[in-house]
Structure formats: structure tokens, C-alpha cells
Amino acid sequence: SDEGRSPCGAQRRRSFTAFSAMSGRDGDIAEPRSRSGILDESVISAASTQVARQRTRLDGLRAKVRTLRAAAELAASAPPARTDDGSSIVEVMSDRGRINSIANERVRHELTKVAKEEQRLLTMCRQGEIAVIKLRDVLESRKEQVAELRRKVAGAREELRGAQMAEDERLSSNPSASQAALLRQALANWDSVHGTKRVCSESFAHADQNHDGRLEWNSGEVRKFVRIFFSECAIKVPHWSDVSWYNIYRHFDANSSMSLDLEEACRFVKFCFEVALRLADPIGTLKEHSPILPTTTSTLSSLLQGWDKDPEAFRKVCYACFGQVENGDGRLHWNNSDIRRYVCSLFEYYHILPPQWPDTHLYDMYRRVDLDKDHAINFDEAVYFARMCFEDVRGDPSLSSH
């Protein structure tokens with residue numbers, strides 16, 4: 001067309017090109033956050049940079065608006081183009097009016113878009129500035145909290161260090177306290193996976209010279225077992241007389257075989273640990289790790305009075321101990337050592353050291369309750385026998401001393 005060949009047409013095309021260059025639009029301000037999700041100075045710096053970038057875009061849009069308005073004013077004031085023969089001036093003027101109308105409409109449309117974009121960017125800038133201020137406040141608050149926590153941790157470490165030093169000084173100045181600490185720890189870890197009971201099993205295997213699964217007193221295997229086990233636990237062997245060691249050993253030789261199997265040996269040394277702990281820490285609280293109580297007349301009297309008030313509870317205890325010993329026929333037999341094991345189970349249930357009766361005394365008591373004289377006692381006879389045993393010990397507590 002004539003417009004395409006005229007200088008005014010070229011100028012208008014340049015103006016329209018400037019309009020179209022304004023069609024691009026960036027996204028909203030992204031929420032500032034660090035890669036690790038932790039609020040720090042880099043997050044605030046990124047937010048500030050984003051706000052500055054949006055302000056630069058806003059200034060660019062304003063410059064484009066000024067350029068666009070100047071181009072429109074220049075196009076409106078340009079002189080009309082003339083043809084060579086002068087015959088189409090009216091047509092050219094008519095085309096110019098139509099083109100100017102279209103250009104003005106597009107300018108108004110683009111100006112409306114620019115105004116909306118400007119308002120959006122201004123809102124985003126304000127929001128970004130508010131977000132930066134809040135982030136700085138949060139960061140300062142977090143710094144104060146971290147500093148406070150560090151002070152508390154340092155104070156707790158200092159207190160722990162002081163307590164540890166005091167405990168080390170107490171143990172170094174009192175060998176008995178050191179031994180008591182080792183004994184208490186060994187008893188506390190007795191049933192753990194790699195605890196003291198496993199050390200007991202390994203010591204048993206080293207002391208079993210003939211590999212028959214039993215430790216004999218006469219061959220010295222029991223003494224060797226005690227030395228190995230105490231050494232593995234870094235505990236000194238108590239200086240007890242041979243008579244005392246033998247009496248304790250006999251308590252745990254349930255079947256009177258003059259030897260100990262693995263289970264009996266573990267119970268034997270555990271009891272030795274409990275007694276050693278009592279001697280090393282006589283005023284400590286040993287109920288959890290040293291359950292065997294010294295037998296006194298008051299202790300037994302209290303038990304007997306309780307049974308008088310609640311005989312059914314006593315029968316339940318007897319039933320539990322009876323069930324641990326009897327071999328399925330509902331009777332306890334003398335020849336199978338059931339009677340002695342039943343007595344030991346009863347006294348250990350009440351945390352009392354079992355009595356050291358000679359076989360003749362125990363047999364005499366057993367025969368007194370074996371009413372049908374069949375060399376075995378049923379459950380009712382076992383209940384009567386149990387009470388007889390406790391009453392006998394109450395009459396002479398020295399029978400159960402260790």
C-alpha cells in the first residue's frame with residue numbers, strides 16, 4: 001500500500017514495533033528460601049536482590065511508555081505525504097486518519113496494560129520489602145535462641161564434668177565404693193545381650209576341665225570358675241573363708257550332686273556378687289540388685305502373720321514353687337531332690353536365704369508331713385510343709401545364715 005512505501009508508514013511501523021516489545025511479562029516474586037530450608041543471611045540477600053530486579057523492570061517499563069508517547073506524538077504531527085501526480089492526496093489523508101485512529105487505540109490498550117503491570121510490580125515490591133523485614137526479625141530471634149541453647153549446653157557439660165570428677169575422686173579415695181560401682185553395674189547388665197551372664201557362661205566353659213558340663217568342688221573347678229569370672233568382671237574376689245564359700249556353693253547344688261551345672265553356677269556367682277555388694281555398700285539401696293534379705297525373727301514373723309490374714313495368697317505362692325519342681329505327677333519326691341529344691345524356691349521367692357539344714361533334719365521334717373508314707377508329698381502336704389519350714393527357721397534363724 002502507499003502507507004507501506006511512505007516515510008510516515010515506516011515511522012508508524014517502528015512505533016508498532018516498540019508497542020510489541022512491551023508484550024513480554026516476568027513471573028511473580030518467588031518465595032525466598034534457602035536450598036537447605038534454613039533461614040540465614042543468604043535468603044534475605046536473595047529476597048533483596050529480587051526486589052531490586054523488579055524495581056529495575058518497573059523503571060524500564062516507564063521509559064518505554066515515554067518512548068511510546070513521543071512516537072505517537074511524532075506520527076500525529078508529521079506532514080501528509082504527496083504523490084507524484086498530486087491526484088491521491090485526499091485518499092492519503094483519509095488513510096492517515098484511519099491509521100492514526102488504529103494507532104491511538106493500540107497506544108491506549110498498551111498504556112492500560114503498562115499501568116496494570118506497573119501497579120502489580122509496585123505491590124510486589126512492597127510485599128518483598130515487608131518479607132525482607134520479617135525475615136530479618138526472625139533471623140535475629142533465631143540467633144538469640146541458638147545463643148541461649150549454646151549457653152545451656154555449655155552449663156550442662158560443665159555440671160556433668162564436675163559431677164564426673166567428684167565421682168572419680170570419691171571412687172579413687174574409697175576402694176570399696178569403686179568395687180560397689182563395678183558390682184552394681186555387673187548386676188544391672190546381668191541379662192543383657194552381651195552382659196554379665198554371657199561372661200559367666202564363658203568362664204564356666206574355661207573352668208570345666210573335663211568338659212562334662214559340670215563344675216566339681218573337689219577337683220577345684222568351682223574355685224577356678226570363681227576366680228575367672230571375678231577377673232573378667234574386673235572385681236576382686238572376696239576374702240571369705242573356705243567354709244563360707246562351701247556353704248554358699250551347697251545352697252545352689254540343688255540335687256546334691258557335689259557339682260554345679262551352668263544354670264546353678266550362674267545363680268551361685270550372681271548371689272556372690274549380691275553379697276559382695278552388700279558388704280561393699282552396706283548403706284546403699286540394694287533392693288534391686290541384691291534381693292536376698294538377712295533372715296531375722298521379725299522378718300519371718302511378719303511373713304507368717306501375713307499368711308494367717310490371707311492364706312489363699314500363701315497357697316498361690318506354694319503352688320507356683322510346687323509347679324517349678326514337680327515332674328508332672330503332682331507330687332514331690334525325696335529321691336529326686338524335689339524337697340530341697342522346693343524349699344530353696346520358697347525362700348528365694350520371699351528374698352530370704354534358704355536354710356542350711358543337714359539332710360537328716362530336712363528328711364525328718366519331710367517324713368512328718370508324708371502322712372501316707374509313700375515317700376512323696378502332694379500339694380496340700382507341700383503347703384503344710386512350707387509353713388513348717390518357715391516356722392522352724394523362725395525358731396532358729398542361724399540355720400539360714402551365710
Side-chain angles (χ1 to χ4, degrees), residues 187 190-191 247-248 250-256 263-264 266-268 270-271 274-275 278 285-402:
L187 289 168
W190 187 268
D191 292 316
N247 288 335
I248 298 174
R250 287 286 292 164
H251 275 301
F252 296 94
D253 181 15
N255 55 4
S256 301
E263 185 61 30
E264 292 171 339
C266 288
R267 293 172 58 198
F268 165 65
K270 185 178 182 182
F271 176 78
E274 292 168 348
V275 175
R278 186 188 307 281
T285 304
L286 307 179
K287 293 182 179 180
E288 180 178 359
H289 304 309
S290 183
I292 305 300
L293 301 175
T295 305
T296 62
T297 302
S298 60
T299 302
L300 294 169
S301 298
S302 177
L303 284 176
L304 292 169
Q305 291 174 4
W307 298 337
D308 291 336
K309 294 178 180 178
D310 190 1
E312 188 60 30
F314 177 57
R315 286 180 63 87
K316 289 181 180 179
V317 173
C318 293
Y319 183 79
C321 297
F322 186 89
Q324 292 178 358
V325 177
E326 63 96 11
N327 57 9
D329 63 351
R331 303 173 72 82
L332 301 181
H333 301 267
W334 174 263
N335 293 334
N336 295 341
S337 299
D338 293 345
I339 303 301
R340 184 173 291 278
R341 287 189 290 132
Y342 174 63
V343 172
C344 291
S345 178
L346 279 169
F347 278 79
E348 289 176 3
Y349 180 88
Y350 288 105
H351 300 167
I352 298 175
L353 187 66
Q356 298 185 27
W357 290 322
D359 288 343
T360 55
H361 181 76
L362 184 62
Y363 182 78
D364 180 63
M365 295 177 61
Y366 147 75
R367 293 292 291 170
R368 286 159 56 188
V369 298
D370 182 17
L371 301 179
D372 53 6
K373 309 302 179 184
D374 60 350
H375 299 283
I377 58 177
N378 57 29
F379 173 66
D380 290 330
E381 292 170 335
V383 173
Y384 179 69
F385 176 69
R387 187 176 182 94
M388 182 188 298
C389 290
F390 281 98
E391 289 177 345
D392 191 83
V393 173
R394 182 180 62 172
D396 186 6
S398 62
L399 290 174
S400 63
S401 63
H402 57 269

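Here the structure is a predicted model, which means the values were calculated and not measured.
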Notebook entry, point to check: How close do Glu391 and Leu304 get, heavy atom to heavy atom, and via which atoms?
Noted result: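 So the minimum-distance heavy-atom pair works out to CG-CD1, 3.9 Å.
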Check: Ala386 and Phe314: which non-hydrogen atoms are nearest, and at how many Å?
Finding: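 Between these two residues, the closest heavy atoms are CB-CZ, 3.8 Å.
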Note to self: Tell me every residue that passes side chain to side chain donor-acceptor pair (under 3.5 Å) with Asp338, counting only those two or more places apart in sequence or in another chain.
What the structure shows: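 Testing Asp338 for side chain to side chain donor-acceptor pair (under 3.5 Å), a comparison that skips the adjacent residues, returns Arg341.
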Next item on the list: With sequence neighbours left out, write down each residue that passes side chain to side chain donor-acceptor pair (under 3.5 Å) with Trp307, or none if nothing qualifies.
Entry: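 Testing Trp307 for side chain to side chain donor-acceptor pair (under 3.5 Å), a comparison that skips the adjacent residues, returns Tyr350.
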Next item on the list: Classify the ring geometry between Tyr363 and Trp334 as parallel (under 30°), tilted (30 to 60°) or perpendicular (over 60°).
Entry: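 Rings of Tyr363 and Trp334: perpendicular, over 60°.
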With rounding to the nearest 0.5 Å, note down the distance linking [atom1] in [X] to [atom2] in [Y].
| X | Y | atom1 | atom2 | result |
| --- | --- | --- | --- | --- |
| Phe322 | Ile377 | CZ | CD1 | 7.0 Å |
| His333 | Tyr342 | NE2 | OH | 14.5 Å |
| Asp370 | Asn378 | CG | CG | 9.0 Å |
| Glu274 | Leu187 | CD | CG | 6.0 Å |

Is the shortest side-chain heavy-atom distance between [X] and [Y] below 4.5 Å?
| X | Y | result |
| --- | --- | --- |
| Phe385 | Cys318 | no |
| Leu362 | Arg340 | yes |
| Phe390 | Leu346 | yes |

Next item on the list: Go through the structure and list residues passing ring-ring contact (aromatic ring centres under 6.0 Å, His included) with Phe268, not counting sequence neighbours.
Entry: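 Phe268 satisfies ring-ring contact (aromatic ring centres under 6.0 Å, His included) with no residue once adjacent residues are dropped.
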Item checked: Test ring-ring contact (aromatic ring centres under 6.0 Å, His included) applied to Phe252 - qualifying residues, sequence neighbours left out ->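 Per chain and number, Phe252 pairs via ring-ring contact (aromatic ring centres under 6.0 Å, His included) with Phe271.
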Checklist line | Pairs touching residues 300-319 that satisfy salt bridge (charged side-chain N to carboxylate O under 4.0 Å, His left out), sequence neighbours left out | finding: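 Applying salt bridge (charged side-chain N to carboxylate O under 4.0 Å, His left out) to every pair that reaches into residues 300-319, excluding sequence neighbours, yields Asp308-Arg387, Arg315-Asp380.
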Next item on the list: Output all residues satisfying salt bridge (Lys or Arg N to Asp or Glu O under 4.0 Å) with Arg368, sequence neighbours left out; order by chain, then residue number.
Entry: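 With neighbours one apart ignored, the set is empty.
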Notebook entry, point to check: With sequence neighbours excluded, what pairs up with Glu264 under the salt bridge (Lys or Arg N to Asp or Glu O under 4.0 Å) test?
Noted result: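 Arg214.
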Check: Under the side-chain hydrogen bond (donor to acceptor under 3.5 Å, both in side chains) rule, what pairs show up with a residue in residues 317-327, not counting sequence neighbours?
Finding: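 Pairs touching residues 317-327 that pass the test: Gln324-Ser345.
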Notebook entry, point to check: For Asp364 and Arg367, what are the C-alpha separation, side-chain angles and deciding distance, and is it a salt bridge (Lys or Arg N to Asp or Glu O under 4.0 Å)?
Noted result: CA-CA 5 Å; Asp364 180 63; Arg367 293 292 291 170; over 6 Å; no
